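Everything on this sheet refers to the single structure shown next.
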Amino acid sequence: MAKTFDVGIESLGSNGASQEAGHQVVGRPAGAGGLLPLPLRGGRDGDAAVTPAATTGKSFFLETFGCQMNDHDSEKVAGVLQGRGYHAVESPAQADLVLYNTCSIREKAAQKVFARLGDWKTLADGKIIGVLGCLAQQEGEEIFERAPWVSLVCGSASYRKLPELIAQLESGGRRVTGLDLDTDETFETELTRRDNLLRAYITIIEGCDYACSYCVVPHTRGPERSRASDAVLAEARRLADAGYTEIQLLGQTVNSYRDPSPLGWKFVDLLRAVAAVPGIRRVRFTTSHPNDFHRSIVDAIDEVPELCDHVHLPVQSGSTRVLREMLRAYTREEYLQKIEWIRAARRPISITSDIIVGFPGETEADFAETLSLLDTAKYDAIFSFKYSPRPNTSAMHMPDAIPEEEKSRRLAVLNERQRAIQIAANEKLVGQSYEVLVDGCHPARTQWGGRTSCNRLINFTSPHVNLLGEYVQVKITRAGPNSFAGEHVT
Ligand code: SF4
């Protein structure tokens with residue numbers, strides 16, 4: 001995977017982490033660019049007008065592997081538990097209830113969770129061990145076969161059943177499962193435990209109605225269902241009241257949003273309405289499907305300063321032939337048309353993407369088309385992956401698998417090409433000033449770090465203290481391939 005936004009002031013080396021495939025433990029938010037996030041004005045514990053139940057003395061530990069959707073699902077699961085009187089603890093050894101919320105898009109995450117489960121083989125006595133998320137949906141009751149000490153298996157499409165499942169376990173149930181996919185409901189909670197102190201996530205759409213041939217999401221997260229716009233706006237207002245200024249709207253295909261209420265809003269209507277909530281200064285959204293990316297979204301970004309000037313638009317391949325095999329529902333030309341709209345905007349908008357190399361049957365010529373697409377699109381960053389076959393996908397049994405070694409070679413070539421593009425583009429930004437929301441600090445070096453509206457990470461020095469959570473102007477003094485160094489403009 002290409003690393004992004006990873007340059008500190010002292011060194012222009014790499015230590016960044018992907019936006020898409022993080023790993024987080026509840027209570028310990030991930031830092032930015034190696035800097036440490038600090039509690040902000042005592043932190044924010046929940047965002048709803050609901051008081052957590054009195055503590056029962058029971059504790060939980062929840063570890064998350066996967067994307068921002070998974071991170072936010074975990075925040076909601078933690079809210080459900082907190083609402084039942086559980087409190088979070090820092091280590092699984094201290095917990096009565098140990099949960100792993102796992103993505104199964106990549107094999108690695110699944111392997112990690114089974115390794116974690118293995119640790120409990122002789123130690124689980126008295127604890128409730130559970131598996132949540134896409135892996136739970138994917139493996140289902142087979143998890144009980146592989147790890148008989150597990151008591152709870154609940155897929156992401158069945159999260160609405162979690163309170164009921166936990167109640168069954170509390171009253172002595174030995175094994176409970178939530179594996180239904182046939183739902184038209186989204187996972188709504190009365191209380192959400194917010195672990196990111198500065199950026200609040202709101203899921204606006206769950207599941208996916210596309211059927212990309214390499215992807216397990218339609219199988220693990222179920223069909224697409226959107227939340228009513230009034231529920232989304234009410235949550236945005238509560239978050240603003242709680243002091244959040246940055247909101248990220250989430251969905252596997254966030255821009256496929258269709259308001260199920262009589263208002264019938266499209267994604268862009270919701271985007272504008274969330275940006276208009278008093279107190280909100282930044283609105284982000286991820287992940288967009290190119291097929292549903294319309295010019296009206298670019299127009300909205302141009303017109304509404306609160307909408308961040310960053311679009312993540314996964315292309316996956318530069319070859320129309322491979323895109324067809326992937327069932328991506330657009331051609332290279334149609335995709336590049338959307339890039340042109342974005343590049344033609346009045347505000348410079350940064351663009352990032354996801355790319356898979358080594359899809360079955362990908363020829364040298366197909367791969368060359370992906371490389372040439374990099375040159376045309378000039379992405380600000382990419383997340384790159386080697387194709388890996390996943391169960392319950394139509395690509396699983398496609399002929400002409402690419403040897404692992406060749407996939408690695410293509411990945412290295414791709415990342416090298418993209419790195420050169422980023423170095424050249426980022427150099428041009430030296431001397432420019434950006435507004436940064438400060439989200440981390442390195443106490444030993446008295447450095448601060450934060451993100452611009454276009455999601456660039458800048459680490460910077462400042463004569464000021466207590467900048468966390470502030471919006472400050474920072475001038476870029478040095479550029480690396482993935483992030484920047486700068487100084488506070490006071
Ligand atoms: S659009 Fe394709 S890649 Fe994205 S979640 Fe749906 S099926 Fe998966």
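Here the structure is a predicted model, which is why all the values come from computation and not from measurement. Note that ligands are numbered from 1 as they come in the structure, with each ligand's atoms numbered from 1 the same way. Side-chain atoms are counted along with the backbone in the values below, which use heavy atoms only and exclude waters and symmetry mates.
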TODO: Specify the protein heavy atom at minimum distance from atom 3 (S) of ligand 1: its residue, its atom name, and the distance to 0.1 Å.
DONE: Y214 OH, 3.4 Å

- [ ] For residues E75 and V77, determine if any side-chain heavy atom of one lies less than 4.5 Å from a side-chain heavy atom of the other.
- [x] no

TODO: Using the ring of Y214 (Phe, Tyr or Trp, six-membered ring only), decide whether R390 places NZ or CZ under 6.0 Å from its centre and within 45 degrees of its axis.
DONE: no

Task: Listed once per pair and sorted, the salt bridge (Lys or Arg N to Asp or Glu O under 4.0 Å) pairs that draw on residues 408-418, sequence neighbours left out - done: E362-R410, E364-R409, E364-R410, D375-R417, E406-R409, E406-R410

Open item on the list: Between ligand 1 and R221, can you find any atom pair, the residue atom being a heavy atom, that is separated by under 4.0 Å?
Closed with: no

Open item on the list: Could you tell me if E333 and Q337 have a donor-acceptor pair between their side chains, going purely by distance under 3.5 Å?
Closed with: no

Open item on the list: Enumerate the ring-ring contact (aromatic ring centres under 6.0 Å, His included) contacts for residues 337-364, please, sequence neighbours excluded, ordered by first and then second residue.
Closed with: F359-Y387

Task: salt bridge (Lys or Arg N to Asp or Glu O under 4.0 Å) pairs, two or more places apart, involving residues 210-222 - done: D73-R221

- [ ] Please report which non-hydrogen protein atom sits nearest to atom 4 (Fe) of ligand 1, along with the residue it belongs to and the distance in Å to one decimal place.
- [x] R328 NH1, 4.2 Å

Open item on the list: With 2.8 Å as the limit, count the protein N, O or S atoms near atom 6 (Fe) of ligand 1.
Closed with: 1

- [ ] Take R347 and D309 through the salt bridge (charged side-chain N to carboxylate O under 4.0 Å, His left out) test and state the conclusion after the steps.
- [x] CA-CA 7 Å; R347 290 164 76 182; D309 37 22; 3.7 Å; yes

